[in-house]
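Could you have a look at this structure, given as structure tokens, before my questions?
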Amino acid sequence: MQDFNWHDLRIALAIHRGGNLAKAARALDINETTVSRRISALEAALCAQLFTRKEAGKLIATDTGLQVITHAETIESETLAITETANVAQSALHGHVRITSVSFFINRMLLPRLPLFFEKHPNVTIDLVPDGRSLDLTQREADLAVRFARPKTGGIDLVGQKIGALDFSLYCPAKVQNTKAWVSYEVMHRDLPQARWINSALSKDPNATSPIHVTDVETALEAVAAGLGKTLLPSVLAENDERIVKCPTPDKLPSRDLWLLSHRQNNTRAAMNALKTWMQEQNWAHPC
């Protein structure tokens with residue numbers, strides 16, 4: 001086995017995370033030819049095939065490739081930690097953190113609070129990824145994720161902390177408070193706690209209707225504000241919106257836990273830990 005170029009491990013990581021040469025090239029800001037040449041050089045130096053090519057140019061890591069990628073992720077994390085350690089030694093915290101959650105949390109809950117974080121840490125850069133998909137922290141699609149349930153996958157590689165809970169209340173259009181119409185959730189999202197509650201309420205009232213189905217709470221709020229029906233909404237999102245009003249209900253209302261997730265190997269990074277600590281200190285049950 002020959003000596004290999006350490007920088008080529010970044011190529012392997014980018015291919016694994018992107019799934020093909022084109023996405024790896026974009027992530028690294030180089031051309032596909034360079035990506036192809038460097039991964040071939042790495043495989044030759046290691047005397048091992050790291051990826052197999054599938055349909056449509058998709059590249060899948062081999063068993064050997066997965067082992068190499070695991071070591072490469074460790075090197076990546078340690079490199080970031082070394083850089084941040086040096087920055088801390090210069091008395092100012094620097095670093096780059098990528099955080100993902102659903103758009104409502106990013107836009108309505110996190111963004112209004114971030115100026116307070118930047119007052120403490122003006123040299124930290126944060127990527128905000130409002131995405132309803134569960135991005136894979138184990139493949140570094142994000143550094144931190146906020147999710148509305150305890151994670152069921154990720155195993156020992158994920159570190160999860162409950163940082164709060166969101167209470168839901170029933171809201172109606174301010175101008176049509178006695179409406180029989182409901183804003184409910186489309187079929188792929190009917191396992192959500194608020195969706196189950198709404199479906200139960202619909203089943204109890206033979207006169208109730210559900211003319212519109214949504215996939216997220218931001219759209220649900222706008223539908224209620226437009227007069228299309230009533231629905232459950234997080235109180236922190238809806239309580240200051242003058243277009244809607246809270247409506248009484250005798251039934252017990254659901255709540256959803258907020259979980260902050262990170263990858264275990266990232267926990268030595270100073271900037272990420274600073275953001276984690278700050279998020280743990282916030283009172284997410286109340287508006288900023």
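As a basis for the values below, the full set of heavy atoms in this structure was taken, side chains included, without hydrogen atoms, waters or symmetry mates.
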- prompt: Under 4.5 Å between side-chain heavy atoms, hopping through other hydrophobics if needed: is there a path connecting Trp182 to Val245?
  reply: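 In one cluster with Trp182: Val245, no.
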
- request: Could you tell me whether the side chain of Thr100 and the main chain of Val129 form a donor-acceptor pair under 3.5 Å?
  value: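 It does hold such a pair.
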
Main-chain N/O of Leu50 paired with Glu43 side-chain donor or acceptor, under 3.5 Å: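 Yes, the answer is positive, given that a donor and an acceptor are paired below the 3.5 Å cut-off.
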
message: To the nearest 0.5 Å, what is the distance between CZ on Arg37 and CG on Asp8?
response: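 Here the interatomic distance stands at 9.0 Å.
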
Electrostatic pair Arg108:Glu218 at N-O distance under 4.0 angstrom: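 Answer for the salt bridge query: yes.
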
- request: Group every Ile, Leu, Val, Met, Phe, Trp and Tyr by side-chain heavy-atom contacts under 4.5 Å, then state whether Leu66 and Ile11 land in the same group.
  value: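 Different clusters: Leu66 never reaches Ile11 through Ile, Leu, Val, Met, Phe, Trp or Tyr contacts under 4.5 Å.
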
- request: Salt-bridge test for Arg243 and Glu222: reply yes if a basic N is under 4.0 Å from a carboxylate O, no otherwise.
  value: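 Here Arg243 pairs with Glu222 in a salt bridge, since their nearest N and O are under 4.0 Å apart.
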
task: Answer yes or no: are there more than 12 heavy-atom neighbours, outside Asn207 itself, under 6.0 Å from its atom CG?
output: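 Atom CG in Asn207 is packed in, count exceeds 12.
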
query: Considering only heavy atoms from C-beta outward, does the side chain of Trp259 approach that of Val146 to under 4.5 Å?
result: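 No, too far: nothing below the 4.5 Å cut-off.
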
His16 NE2 to Ile60 CD1 distance, which is reported to the nearest 0.5 Å: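 Separation between the atoms: 9.0 Å.
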
- prompt: How many angstroms lie between SG in Cys172 and CG in Leu170, if you round to the nearest 0.5 Å?
  reply: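 Separation between the atoms: 5.0 Å.
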
- request: Before accepting this row, confirm whether a basic side-chain N of the pair Arg196/Asp191 lies closer than 4.0 Å to the acidic partner's carboxylate O.
  value: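 Answer for the salt bridge query: no.
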
message: Any carboxylate oxygen within less than 4.0 angstrom of a Lys/Arg side-chain nitrogen, looking at Arg256 and Asp167?
response: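 So Arg256 does not pair with Asp167 through a salt bridge.
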
message: Within the supplied structure, the quantity of interest is the number of heavy atoms (other residues, nucleotides, ligands) at a distance under 6.0 Å from Arg190 CZ; does it exceed 12?
response: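 Result for CZ/Arg190: enclosed.
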
- prompt: Sub-3.5 Å donor-acceptor pair from the side chain of Thr179 to the main-chain atoms of Val176, do we have one?
  reply: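 No; judged by distance alone, with no hydrogens or angles, the pair does not exist.
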
message: side-chain contact (heavy atoms from CB on, under 4.5 Å), that's the test. Do Ile126 and Phe117 meet it? Break it down for me.
response: CA-CA 11 Å; Ile126 298 176; Phe117 176 80; 3.8 Å; yes

message: For the CD atom of Gln177 and the CD1 atom of Ile244, what is their distance to the nearest 0.5 Å?
response: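 It is 11.0 Å, given to the nearest 0.5 Å.
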
message: Would a single hydrophobic cluster contain both Phe118 and Trp278, if residues Ile, Leu, Val, Met, Phe, Trp and Tyr are joined by side-chain heavy-atom contacts under 4.5 Å?
response: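 Shared cluster, yes.
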
- prompt: For Lys175, what residues pass the salt bridge (Lys or Arg N to Asp or Glu O under 4.0 Å) criterion, not counting sequence neighbours?
  reply: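 Counting only residues at least two positions away or on another chain, Lys175 forms no salt bridge (Lys or Arg N to Asp or Glu O under 4.0 Å).
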
- prompt: Strictly by modelled atom types, are Ser169 and Ser235 linked by a side-chain donor-acceptor pair under 3.5 Å?
  reply: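 Judged by distance alone, the side chains do pair up.
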
- request: Output, in order, the C-alpha distance, side-chain angles, deciding distance and verdict of side-chain contact (heavy atoms from CB on, under 4.5 Å) for Tyr185 and Thr215.
  value: CA-CA 6 Å; Tyr185 284 78; Thr215 63; 5.8 Å; no

query: Within the side chain of Ser36, is there an N or O that forms a donor-acceptor pair under 3.5 Å with the backbone of Glu32?
result: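 No, Ser36 side chain to Glu32 backbone: no donor-acceptor pair under 3.5 Å.
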
message: Restricting to salt bridge (Lys or Arg N to Asp or Glu O under 4.0 Å), what partner residues turn up for Asp63, sequence neighbours left out?
response: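 Asp63 satisfies salt bridge (Lys or Arg N to Asp or Glu O under 4.0 Å) with no residue once adjacent residues are dropped.
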
field: Close side-chain approach of Leu258 to Arg147, heavy-atom, < 4.5 Å
entry: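 Contact flag for Leu258/Arg147 side chains = no.
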
- prompt: If you look at every heavy atom in Ser184 and Leu202, which pair is closest and at what distance?
  reply: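 Where Ser184 meets Leu202 most closely, the heavy atoms are CB-CD1, 4.4 Å.
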
message: Using 0.5 Å steps for rounding, measure from the CG atom of Asn240 to the CD atom of Glu242.
response: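 Output value for this atom pair is 9.0 Å.
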
task: Before giving the answer on side chain to side chain donor-acceptor pair (under 3.5 Å), spell out for Lys276 and Ser262 the whole-Å C-alpha distance, their side-chain angles and the decisive distance to 0.1 Å.
output: CA-CA 9 Å; Lys276 284 178 64 175; Ser262 61; 3.1 Å; yes

query: Judged by modelled atom types alone, do Thr64 and Gln49 share a side-chain donor-acceptor pair under 3.5 Å?
result: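 There is no such pair (donor and acceptor under 3.5 Å, judged by atom type) between the side chains of Thr64 and Gln49.
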
- request: Test Val124 against Leu275 for side-chain contact (heavy atoms from CB on, under 4.5 Å), laying out the working first.
  value: CA-CA 9 Å; Val124 173; Leu275 182 57; over 6 Å; no

message: Can you confirm if the aromatic rings of Trp197 and Phe168 lie within a centre distance of less than 6.0 Å?
response: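 When the ring centroids of Phe168 and Trp197 are compared, they turn out to be at least 6.0 Å apart.
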
message: For Ala271 versus Gly95, what's the shortest heavy-atom pair and its separation?
response: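 Heavy-atom minimum between the residues: CB-CA, 3.7 Å.
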
field: Lys180 (side chain) donor-acceptor with Thr209 (main chain) under 3.5 angstrom
entry: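 It does not hold such a pair.
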
- prompt: Does any non-hydrogen side-chain atom of Val102 lie less than 4.5 Å from one of Pro130?
  reply: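 Not touching, per the 4.5 Å side-chain cut-off.
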
query: Taking all non-hydrogen atoms of both residues, which atom of Ile69 and which atom of Ala61 are closest, and how far apart?
result: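 Residues Ile69 and Ala61, closest heavy atoms: CD1-CB, 3.9 Å.
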
message: One pair to check against side-chain contact (heavy atoms from CB on, under 4.5 Å): Gln194 and Leu253. What are the steps and the verdict?
response: CA-CA 8 Å; Gln194 68 267 30; Leu253 294 165; over 6 Å; no

message: Just verifying a value: how many Å separate Leu233 CG and Phe104 CZ, rounded to the nearest 0.5 Å?
response: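 Here the rounded value is 9.0 Å.
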
message: Tell me if the CZ atom of Arg10 is crowded by more than 12 foreign heavy atoms within 6.0 Å.
response: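 Not buried by this count: 12 neighbours or fewer within 6.0 Å.
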
- request: Could you tell me which non-hydrogen atom of Gly160 sits nearest to which non-hydrogen atom of Leu261, and how far apart they are?
  value: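 Gly160 and Leu261 have their closest heavy atoms at CA-CD2, 3.6 Å.
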
message: For a 4.5 angstrom cut-off between non-hydrogen side-chain atoms, does Ser101 reach Phe148?
response: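 Result yes, sub-4.5 Å side-chain heavy-atom pair found.
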
query: Is any side-chain heavy atom of Leu114 closer than 4.5 Å to a side-chain heavy atom of Leu128?
result: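 Heavy-atom side-chain distance check passes, below 4.5 Å.
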
The single option from Ile39, Asn20, Thr62 passing side chain to side chain contact (heavy atoms under 4.5 Å, CB included) against Phe51: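 The side chain to side chain contact (heavy atoms under 4.5 Å, CB included) with Phe51 is passed solely by Ile39 among Ile39, Asn20, Thr62.
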
query: Do Thr52 and Leu59 touch side chain to side chain, with heavy atoms closer than 4.5 Å?
result: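 A side-chain contact is absent here, since even the closest heavy-atom pair is not under 4.5 Å.
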
- request: Could you check whether the rings of Trp284 and Phe105 sit parallel, tilted or perpendicular, using 30° and 60° as the cut-offs?
  value: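 Trp284 vs Phe105 ring planes: tilted.
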
field: Ionic contact status for Asp143 with Arg98, cut-off 4.0 Å
entry: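 Here Arg98 does not pair with Asp143 in a salt bridge, since their nearest N and O are not under 4.0 Å apart.
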
